[in-house]
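Written out below as structure tokens is the structure these notes cover.
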Amino acid sequence: MKLLLIDTSSTVCRVGLSANGKLVDERMLEGENKHSEGLNPIVLQLMQGSGCEFNSLDGVAVINGPGSYTGLRIGAAFAKALQLATQCRLIAVNGLDLLLEQYRLEGHDLQEGDYLIPMVDARRMEVFTQTVRYATEPVCIHAPGARVLTADSYNDCTGGTRHFIGNGCSKFQELRPSDTQLIDRFRADPAHRMESMANLASIHHQQRRFVTDDFWQPDYHKEFFYPEPRQKTAPTAAAVNKTA
């Protein structure tokens with residue numbers, strides 16, 4: 001099973017190729033915010049360097065959020081075009097789930113009842129996050145979405161160690177009361193890793209969790225607001241006469 005992996009959710013563009021859940025090769029685009037001009041060339045470099053044909057792919061996996069609005073759309077558009085051209089499977093990987101998978105693969109000490117809280121920076125005191133209680137069958141406590149952090153944001157997460165993961169967790173670390181009796185762990189991962197994405201995408205493929213909606217688009221985890229256009233006022237008669 002060969003999968004092309006695409007991550008355009010952050011300022012750095014990354015692609016990878018996996019076989020049976022193991023990363024075979026990867027490429028990263030140097031420089032920030034060059035996704036639109038650089039995604040096609042590094043995918044071609046990856047495929048040619050690995051000796052893999054596009055028609056031999058079993059699927060293409062792409063991060064579907066949270067992250068950069070423009071970056072997510074670029075990755076989604078490329079993945080959908082490749083899926084249509086080769087008839088391979090399209091797999092959408094949630095970036096918050098990927099942070100949890102990375103944390104698990106790192107072998108951190110997790111006990112039943114602990115809380116896993118991935119956080120992606122969303123500027124100011126806002127993060128994209130979710131809360132999962134660790135167990136044989138994990139339980140979602142807080143659904144994925146955008147959240148403005150306060151010192152009391154996770155007061156309902158008691159009875160287990162709280163594991164904060166991702167580049168947004170330092171925000172809560174600054175707000176956390178120094179006299180709290182709760183046990184917290186912080187792991188500020190700056191970026192997704194292709195090894196973890198290869199593993200998670202393989203699991204999605206085995207479980208046949210494919211995108212089948214023709215109108216699928218990334219999950220931005222919050223609405224995108226377009227600024228209202230400024231209305232131009234008609235020139236007054238005095239102004240017209242002055243310029244005449």
Side-chain angles (χ1 to χ4, degrees), residues 1-21 23-29 31-50 52-99 101 120 122 128 130 144-146 191-226:
M1 176 179 59
K2 294 181 181 178
L3 300 177
L4 176 65
L5 315 171
I6 299 174
D7 180 8
T8 56
S9 61
S10 67
T11 55
V12 180
C13 182
R14 291 180 172 85
V15 297
L17 182 68
S18 69
N20 300 319
L23 186 66
V24 175
D25 197 3
E26 66 177 313
R27 294 287 189 278
M28 181 179 71
L29 183 62
E32 296 185 355
N33 301 321
K34 294 184 178 180
H35 304 59
S36 60
E37 63 187 70
L39 179 57
N40 285 13
I42 63 170
V43 169
L44 286 174
Q45 292 172 16
L46 174 72
M47 299 296 285
Q48 292 171 357
S50 304
C52 180
E53 299 291 337
F54 284 101
N55 288 331
S56 69
L57 291 172
D58 296 290
V60 53
V62 62
I63 299 293
N64 76 324
S68 160
Y69 180 84
T70 302
L72 292 175
R73 292 181 68 85
I74 291 171
F78 184 96
K80 289 176 72 174
L82 183 61
Q83 186 267 333
L84 290 171
T86 65
Q87 298 302 305
C88 67
R89 298 291 190 175
L90 177 57
I91 301 170
V93 176
N94 185 281
L96 297 174
D97 290 338
L98 182 53
L99 287 177
E101 181 68 7
V120 174
F128 298 113
Q130 65 176 325
H192 301 138
R193 291 197 288 276
M194 285 289 111
E195 295 88 348
S196 305
M197 187 173 177
N199 187 69
L200 192 56
S202 176
I203 293 172
H204 280 39
H205 193 281
Q206 292 169 6
Q207 297 175 349
R208 303 190 65 79
R209 295 169 59 183
F210 305 130
V211 173
T212 57
D213 182 4
D214 291 339
F215 300 97
W216 170 82
Q217 62 179 348
D219 184 357
Y220 305 111
H221 291 272
K222 65 186 296 187
E223 292 186 30
F224 184 80
F225 294 97
Y226 293 93

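Just so it is clear, the values below take in all heavy atoms, side chains as well, and ignore hydrogens, waters and symmetry mates. It should be emphasised that the depicted structure is a prediction, and the values quoted were computed from it without experimental measurement. In what follows, residues are counted from 1 in the order of the sequence shown.
The OG atom of S36 sits 13.5 Å away from the CZ atom of R73 when rounded to the nearest 0.5 Å. To the nearest 0.5 Å, atom NZ of residue K2 and atom CG of residue N20 are 9.5 Å apart. Distance check, rounded to the nearest 0.5 Å: CD of Q206 to CE of M1 gives 5.0 Å. The distance from the SG atom of C88 to the CG atom of L57 is 6.0 Å, given to the nearest 0.5 Å. How far CD1 of I74 is from CG of L39: 8.0 Å, rounded to the nearest 0.5 Å. Atom CG of residue L200 and atom CG of residue L99 lie 10.5 Å apart, to the nearest 0.5 angstrom.
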Give the intermediate values and the outcome of side chain to side chain contact (heavy atoms under 4.5 Å, CB included) for residues R193 and L23. CA-CA 10 Å; R193 291 197 288 276; L23 186 66; over 6 Å; no

Go through it in stages, so that I can follow the logic: the residues are I6 and L82, the test is side chain to side chain contact (heavy atoms under 4.5 Å, CB included), and I'd like the CA-CA distance, side-chain angles, deciding distance and then a yes or no. CA-CA 12 Å; I6 299 174; L82 183 61; 5.7 Å; no

Is there a side chain to side chain contact (heavy atoms under 4.5 Å, CB included) between I42 and L46? Walk through the geometry before answering. CA-CA 6 Å; I42 63 170; L46 174 72; over 6 Å; no

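Shown are V24, L5, D58, D25; of these, the side-chain contact (heavy atoms from CB on, under 4.5 Å) with S18 is made only by L5.
The side-chain heavy atoms of T86 and V60, taken from C-beta on, include no pair separated by under 4.5 Å. At least one side-chain heavy atom of I91 sits under 4.5 Å from a side-chain heavy atom of H205. With a 4.5 Å cut-off on side-chain heavy atoms, V43 and M47 count as touching. Inter-residue side-chain proximity for V93 and D7 is flagged as unmet; no heavy-atom pair is nearer than 4.5 Å. With contacts defined as side-chain heavy-atom distances shorter than 4.5 Å, the pair R208/R89 qualifies. Considering only heavy atoms from C-beta on, N64 comes within 4.5 Å of N94 through its side chain. Counting only heavy atoms from C-beta outward, the side chains of F78 and T8 never approach each other to under 4.5 Å. The closest side-chain heavy-atom distance from H192 to M197 is not below 4.5 Å.
Counting all heavy atoms, side chain and backbone alike, L96 lies closest to P144 at CD1-CB, 4.1 Å. Closest approach of C13 and H35 over heavy atoms only: CB-CD2, 3.8 Å. Pairing each heavy atom of A76 with each of V62, the nearest pair is N-CG2, 4.1 Å.
With hydrogens and angles disregarded, no donor-acceptor distance shorter than 3.5 Å links the side chain of S56 to the backbone of C52. At distances below 3.5 Å, at least one donor-acceptor pair connects side-chain atoms of K80 with backbone N or O atoms of W216.
A centroid separation of 6.0 Å or more is found between the aromatic rings of F210 and H204.
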